[in-house]
Each structure stands twice: as C-alpha cells, then as structure tokens.
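Reviewing the structure listed below.
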Amino acid sequence: MGTNFFDLNFAVKPRILVIRFSSIGDIVLTSPVVRALKLQLDAEVHYLTKSSYVSILEANPYIDQIHAFDDDLDLVISQLKRFDFSHIVDLHSNIRTWRVKQALRGPNTQLDKLNWQKWLLVNTKVNRMPDVHIVDRYLDTVRSLGIFNDGKGLDYFVPWREEVGVKRLVKELTGENIRWRQGFTALAIGAAHATKRMPYDLLEAICRGVQGPILILGGPGDIEVGAALEAATRSEVVNLSGQLSLHGSASVVSQSSMVITPDTGMMHIAAAFKKPIISVWGNTVPEFGMYPYYPAGMDRHAAFEVSGLSCRPCSKIGFPSCPRKHFRCMQDQSVDLIVQAANRRFEEV
C-alpha cells in the first residue's frame, strides 16, 4: 500500500482547499473528490469558486466552508491566508489558480488539463485524449493523499427550501390534469453556448414524438423557445423555462423518469441523480471525457452525435453560432433514433 500523505501528521486534522472556479457541470463533476476528502481523510474541506456558483455547493454536507470571489482575487487570497491549509487541490489549473497557490505557499497538486491533446483534437481532429473520464482524472489528482474512488458517482444536493412539488406546480401553471402514468421526461433546452443547444425543429420533434409528459427546463433566455414548444405541440408538454432556480430545475430532474439534454450542466446533475439520460451532442464530443458519470457498474446513458463531420469538434467549449454557418452537428441529428431511444427507456421505467 502507498503511504497516506497525512500519516506522519495523524494527530492534526487536515484542512484542504479545493479550487474550481466554474462552471456548473465542472463543479458538479468535482463532487466525488470533495466527498472522498471528507470521508476518507476526515478532512476539513474548503472550496474556492466564483460567487455566481456558490449556490451549487451551499447544501453539500462534505464542504465545511465556501470561499467566493467576483473580480477581486487578491481579497479572497488575503482571507484564505488565515487558514494554513494542509494541502491545496487545484482542479481548475490556470493562471489565477497559480496565483492562489503561490500566495498560500502550501503543498498542492493540480489537474493536468491535457490542453495540447484538446488542441490537437479540435484543430487537427487527431484524438490523443486518454479514454479516462474527467472525474477519474480529478481523483487521480488527489491519489497521492491516499484517496481512492469509492464508486458512488456524483453528488448534487438541493436545499430543502428549493425543492419543487412537480405535480402541484404544473397544475398551478396550466390548470391541466396531466396523466403522469410512468412519470415524466425532463427536457433541458438551455446551454451557455449556442453550438451546444438543440435547434428548435429538433426540440419540437422530440416534444411531439416522446411518450408521456415532458417538462421543459431552461433559463430566462429560453422562455420564448419553451413557450413556442408548449404552444406548438401538445398539452402534456409544459414549459418551466425561466420559472425555476438552478436548484429548482435540479429538483425537477430528481423526480423525472428520464432526462433529454445537450452537453451541459443539467446533464451532469441528471447523472448525479442516477437518471436515464439521452444526450445530444453538437460541437463538443464525448471524447473530451465529460459524458455522464454514474456510480460503478451503472450505465443509463445513450449519446447521440453526428459522426464523420470534418469540422467537429470545432471547440472544447462552444461558440455563439456555428463557425461554418451550417450547424450540421445538430441539424443532421436523427430525430427518429433519438425519439425511439427515449421511448424505449421511458417504457422500461
């Protein structure tokens, strides 16, 4: 067996700072590391992120203290210096996290972001990415501390005050008596980058073809699209876009029978709740290692992508619009295959 980093100092409870600045999905994907540090080392776990992402972490019982910043990184660094961290776990690994580590001057480990491999895949379409999920790479970052993968998958915790009563909410919004039967499908239509979002025609076909009630989830910017889908399809399609907080949407996902989603944070939240997932990929690819991550031995995921496009992936993140103007990575998706897969999974529930 390897030596635990803290074996020589077992009388002192380790205090560990985890750093991940953004974004929703990436932060959810760090949850197995946080859980392992708390449960396997009995560590006092601190987490540094941007202020806009604090809510994702606020109900996590494995985090003792959250530190946040907006633009003033120097201010939060001065606050962090009071804690004398035993170790810093850098899961973001950029110039700003380097500044934090330099200022705190403690032992640290950092994620290898595989930037050249990602660059190669985006710019030459040559794949040198390891066949390893980002969660396992995050866990490799703390292996020297004696951490192992507990196989329990991701965590997402919804504060009790933001839990949503789905049936009551839908009744209030629509006045309809929905026949829930086997449950409902959560359809995520939002994404931070347009080249990850499903186009309207694809969404409409999904709403028409997938069995059972569909609850549409999205942010304030998705309200019009959601409303158009609700109006154009059928009474069992209900638009919740712009009605809920992130936690509220997560609560809806936790009660769903299945989730249909692009490559976005909601996909990882769905995996944290162990939901069957139909993922639809645009400009990004699963080979980046950020597909749904389930507990050991579980796979409830079907991915749909347009293979063979010479322009894909065009980015490791996304763009405001398709650089080639055709958006074939989404426009050429097989609606029939997606609907068939969704209906098979819905019937299995």
Side-chain angles (χ1 to χ4, degrees), residues 1-22 26-51 53-69 72-94 96-113 133-160 247 268 272 293 295-296:
M1 289 181 63
T3 301
N4 189 311
F5 179 86
F6 296 107
D7 282 348
L8 300 179
N9 198 21
F10 59 86
V12 178
K13 186 172 185 174
R15 179 181 291 141
I16 300 177
L17 176 66
V18 177
I19 306 175
R20 180 72 216 191
F21 292 153
S22 62
D26 300 279
I27 291 172
V28 174
L29 290 167
T30 68
S31 59
V33 172
V34 169
R35 182 178 66 242
L37 291 171
K38 171 57 69 175
L39 297 183
Q40 295 175 28
L41 298 182
D42 189 29
E44 179 183 316
V45 179
H46 294 235
Y47 202 112
L48 174 61
T49 191
K50 291 181 179 178
S51 297
Y53 298 106
V54 166
S55 64
I56 302 170
L57 303 166
E58 63 182 346
N60 191 321
Y62 305 121
I63 298 176
D64 295 283
Q65 188 163 343
I66 302 169
H67 305 273
F69 72 98
D72 193 347
L73 190 59
D74 290 330
L75 176 60
V76 78
I77 286 173
S78 68
Q79 295 168 348
L80 290 169
K81 285 181 177 179
R82 300 186 286 111
F83 288 96
D84 189 23
F85 292 106
S86 310
H87 199 85
I88 301 169
V89 179
D90 180 2
L91 300 181
H92 204 122
S93 191
N94 64 12
R96 290 186 298 175
T97 64
W98 178 84
R99 282 181 56 203
V100 174
K101 291 180 294 186
Q102 285 295 107
L104 299 184
R105 298 187 178 280
N108 66 83
T109 49
Q110 70 175 39
L111 172 72
D112 181 355
K113 296 180 78 170
H133 197 282
I134 185 67
V135 171
D136 294 308
R137 290 174 46 222
Y138 282 158
L139 286 162
D140 283 342
T141 305
V142 292
R143 199 169 300 279
S144 63
L145 307 184
I147 293 300
F148 59 90
N149 188 347
D150 62 14
K152 295 180 179 179
L154 307 177
D155 289 320
Y156 191 93
F157 300 95
V158 177
W160 66 267
H247 284 316
H268 301 300
Y293 190 85

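We number each residue from 1, following the sequence as shown.
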How many angstroms lie between atom [atom1] of [X] and atom [atom2] of [Y], to the nearest 0.5 angstrom?
X	Y	atom1	atom2	result
D90	R96	CG	CZ	11.5 Å
F85	L17	CZ	CG	4.5 Å
F83	E44	CZ	CD	7.5 Å

May I ask you to say whether D84 pairs ionically with R15, meaning some side-chain N is under 4.0 Å from a carboxylate O?
no

For the student: nearest non-hydrogen atoms of [X] and [Y], plus distance:
X	Y	result
A68	L48	N-CD1, 4.4 Å
N149	G151	OD1-N, 2.9 Å
P159	E58	CG-OE2, 3.7 Å
P14	D42	CD-O, 4.3 Å

Can you check whether [X] reaches [Y] side chain to side chain, under 4.5 Å on heavy atoms?
X	Y	result
L57	F157	no
Y47	N60	no
S31	Y156	no
D74	R99	yes
K113	H92	yes
Q110	T97	no
D64	K38	yes
L145	L37	yes

Suppose the criterion is salt bridge (charged side-chain N to carboxylate O under 4.0 Å, His left out): which pairs have a residue in residues 133-148, not counting sequence neighbours?
D140-R143

What about F69 and F21, are their ring centers closer than 6.0 Å?
yes

Applying side chain to side chain contact (heavy atoms under 4.5 Å, CB included), run through Y62 and D155 and close with a yes or a no.
CA-CA 10 Å; Y62 305 121; D155 289 320; 3.5 Å; yes

With I134, which of T30, L29, L91, L139 fulfils side chain to side chain contact (heavy atoms under 4.5 Å, CB included)?
L29

Among V34, V89, L111, find the one that has a side chain to side chain contact (heavy atoms under 4.5 Å, CB included) with Y138.
L111

Under 3.5 Å, is there a donor-acceptor pair between the side chain of R35 and the main chain of G153?
yes

Can you tell me if T49 uses its side chain to pair, donor with acceptor, with the backbone of R20 under 3.5 Å?
yes

Would you please classify the geometry between the H67 ring and the H46 ring as parallel, tilted or perpendicular, with 30° and 60° separating the classes?
parallel

